[in-house]
Amino acid sequence: MCGIVGFTGARDAAPVLLQGLERLEYRGYDSAGIAVFHDGAIQVEKVSGRIAGLREKTDNGAGAPGAAGIGHTRWATHGAPTDQNAHPHLSNDGRFAVVHNGIIENYLALRQELMDYGYVFHSETDTETIVHLLEHYYNGDLKAAVMKTAARLEGSYALGILCTETPGVLYAVREASPLILGVGVGENYFASDVTALVAHTKNVMYLDDGELARLTADSVTVYNCAGQEVQKPVSRVTWSVEAAEKGGYAHFMLKEIMEQPAAVKAALAPRIQGGRVQMDDFDLEAKELRDVRKIIITACGSAYYAGCSARYAIEKLCRIPVQVELASELRYCDPMVDEHTLVLVVSQSGETADTIAALKECRNRGAKVIGIVNVVGSTIAKLSDHVLYTFAGPEIAVATTKGYTTQLVVLYLFALYAASKLGRIGMERYDALVKELQQLPQKIQQAIDMNWQLPRLAGRYASPSLFFIGRNTDYAVALEGALKMKEISYLHAESYAAGELKHGTIALIGENQPVIAVCCNEALMDKTLSNIVEVKARGAKVLALAVKGNKTIVSQADDVIFIPRVETLFSPAVAVVPLQLLAYYTAREKGCDIDKPRNLAKSVTVE
Ligand code: AGP
């Protein structure tokens, strides 16, 4: 996944592009570049490595004067992260420059066709085919050349285009990759997401797939795929620049962990009115829900683990079977999905390629789709029949935290809403659970406050191989806890259903083997306790996560971290927090790049 940005106005573009790229660096950061129009020519500057290198090369932009330009920060898909493969790419005649986020699936055929025409390629990228197509199709009408080029492309693309023939004009094109327009005063912008724009404007337009936009300093014109002008509403971004900044924390990840009480409150508040759960802009009738024979939750990574955690609440309360499926698997397994299947698609970015593909597969088979996403106007939001935004605010760290807990909370809200609609929950239980939901923000805050000693513990349990164990809801939490540890501290961590240990895995438990035992499901605490005894008998060192006041655990585990008492069905939203912090402090101890872990990107918009 990559980040693109564009600016056209009266002031120099390069400083604006560099600042925007720094806000997009979480989308990919193995190379970066800018192209600026000045004195009739396009100047391209690009580097492999971080944007800081581009700042240095362009003297913070002063070395690339000009009032219109495009920029790109890359997460390599085709071709290694080198200067040659970095974007922007320039046409052979030097008149066109392009930046691109996405994948051109037919690029090899296009490359051969263009080489046969005599175009010379300088990179290994799929993107370079685009700039040569533009040169090939241009006959004085840039919009026509852009449309003809887009018509040849198969795959996903958010494009930014600059041309020497049209000074001050940018084109932006969207197909299955996020692209947003910023509307300023005497200047206009495009970017892969709003965090690159909020410093300059909070007035944005969300491009839809198949649309292209022509930007000048004084105008933004949007066209549909037939080239007809379309009117797009201007939305107001509610996020502040500060919300997209670190706010004094050492890392975005720590900031976002600490923001969870507020984020969860933001997810809850608009949906609980007068003690009742209300769903935003849709009202699934009881009949529609009664027609649902099964629910599929599909997602990737942590969003998938959010589904694994929420499944217990939905099944318990709605008495509808729930399947939680990895999107990258669901799309290829000829899924048993029909008009009686309700699909909950969970995604922080709303742009994960596998999740989008799984969504389309289910819709094609007749399922109704509810999207549970954080990014407004994202692809998954647009493709869903109904959308429940998680209102987590901008999540910059690659490792999701508030994105995950707000997904959980929205899924819990859905469980209560549906159970009530179906008449499968008594008023007393319903009222009690609504109150439990409303207490989650402060319980998450308590979980944070209780675990001030975690930095000390992190050092004790940092090992090349870690086990996370739990049962039922605790197992689902263990899945997410292990992923957090893996992705930011690079330690091998595996989660196991605690009951499974004796079926083979316990053979791996040797002297001083660290085991993180999640024991917050009090109904199953004795069972997990027996697993703690089992592994300790074989030399393990056990860090237990338990509900405050649980003295039994204290007597058995080597160390214990606590959470406040919370409704078991909702306990994952609280139990995950100490595990997020454990991973954070372990990674900090190891000196890892916490916000931008190696090999990862914030949203995987490629398959
Ligand atoms: C989580 O920490 C990871 N960054 C990753 O697993 C992520 O959850 C996954 O890629 C799904 O992303 P999405 O929620 O934006 O679809």
Side-chain angles (χ1 to χ4, degrees), residues 1-8 12-39 41-104 107 111 119-135 157-164 170-172 177 179 189-192 196 596 601 606:
M1 178 196 73
C2 308
I4 70 170
V5 63
F7 172 87
T8 180
D12 272 349
V16 179
L17 299 174
L18 290 168
Q19 183 190 44
L21 290 177
E22 282 163 346
R23 291 248 168 76
L24 296 176
E25 211 172 11
Y26 68 91
R27 300 175 62 85
Y29 34 82
D30 57 41
S31 54
I34 60 173
V36 181
F37 176 78
H38 180 59
D39 281 348
I42 293 175
Q43 179 183 349
V44 176
E45 300 294 347
K46 48 190 185 177
V47 294
S48 53
R50 294 290 171 89
I51 290 159
L54 188 60
R55 269 197 180 280
E56 191 180 333
K57 184 170 185 181
T58 61
D59 187 15
N60 287 315
I70 57 179
H72 184 274
T73 184
R74 185 170 182 244
W75 186 55
T77 54
H78 294 73
T82 61
D83 290 14
Q84 291 73 24
N85 289 331
H87 303 205
H89 290 288
L90 201 58
S91 57
N92 287 165
D93 64 6
R95 289 188 298 172
F96 303 88
V98 167
V99 290
H100 166 223
N101 174 33
I103 283 192
I104 305 304
Y107 85 98
R111 187 182 179 100
Y119 292 96
V120 177
F121 281 77
H122 300 285
S123 79
E124 306 158 271
T125 67
D126 53 336
T127 302
E128 195 180 347
T129 57
I130 300 168
V131 78
H132 297 317
L133 282 171
L134 282 167
E135 179 180 344
Y157 47 91
L159 302 180
I161 295 164
L162 185 63
C163 175
T164 57
L170 304 179
Y171 268 89
S177 271
L179 193 52
Y189 326 76
F190 64 74
S192 297
K596 301 188 184 89
V606 295

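All values below were derived from every heavy atom in this structure, side-chain atoms included, with hydrogens, water molecules and symmetry-related copies excluded.
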Write down the atom of [X], the atom of [Y], and the distance for their closest heavy-atom approach.
X: Gly102; Y: Ser177; result: CA-OG, 3.7 Å
X: Leu24; Y: Ala196; result: CG-CB, 3.7 Å
X: Ala86; Y: Val47; result: CB-O, 4.1 Å
X: Leu162; Y: Ile42; result: O-CD1, 3.8 Å
X: Phe7; Y: Leu17; result: N-CD2, 3.8 Å
X: Val131; Y: Ser91; result: CG2-N, 3.4 Å

To the nearest 0.5 Å, what is the distance between [atom1] ([X]) and [atom2] ([Y])?
X: Leu18; Y: Asn60; atom1: CG; atom2: CG; value: 7.0 Å
X: Ile130; Y: Leu159; atom1: CD1; atom2: CG; value: 4.5 Å
X: His89; Y: His72; atom1: NE2; atom2: NE2; value: 7.5 Å
X: Arg55; Y: Arg50; atom1: CZ; atom2: CZ; value: 14.5 Å
X: Thr73; Y: Ile51; atom1: OG1; atom2: CD1; value: 4.0 Å
X: Asn101; Y: Thr127; atom1: CG; atom2: OG1; value: 9.0 Å

Taking the side chain as every heavy atom from C-beta outward, state whether [X] and [Y] have any pair of such atoms under 4.5 Å apart.
X: Tyr189; Y: Val5; answer: no
X: Arg74; Y: Asn85; answer: yes
X: Thr164; Y: Asp93; answer: no
X: Glu135; Y: Asn92; answer: yes
X: Glu45; Y: Leu54; answer: yes

Summary of salt bridge (charged side-chain N to carboxylate O under 4.0 Å, His left out) pairs that have at least one residue in residues 61-71, sequence neighbours excluded: none
His100 side chain vs Tyr157 backbone, donor-acceptor pair below 3.5 Å: no
Contacts of type ring-ring contact (aromatic ring centres under 6.0 Å, His included), residue His132, not counting sequence neighbours: Tyr119, Phe121
Derivation and outcome, side-chain contact (heavy atoms from CB on, under 4.5 Å), residues Lys46 and Ser31: CA-CA 8 Å; Lys46 48 190 185 177; Ser31 54; over 6 Å; no
Residues which pass side chain to side chain contact (heavy atoms under 4.5 Å, CB included) with Pro65, listed by chain and number, not counting sequence neighbours: Asp12, His38, Gln43
Derivation and outcome, side-chain contact (heavy atoms from CB on, under 4.5 Å), residues Ile34 and Leu21: CA-CA 9 Å; Ile34 60 173; Leu21 290 177; 4.0 Å; yes
Flag if over 12 foreign heavy atoms under 6.0 Å of CD, Glu56: no
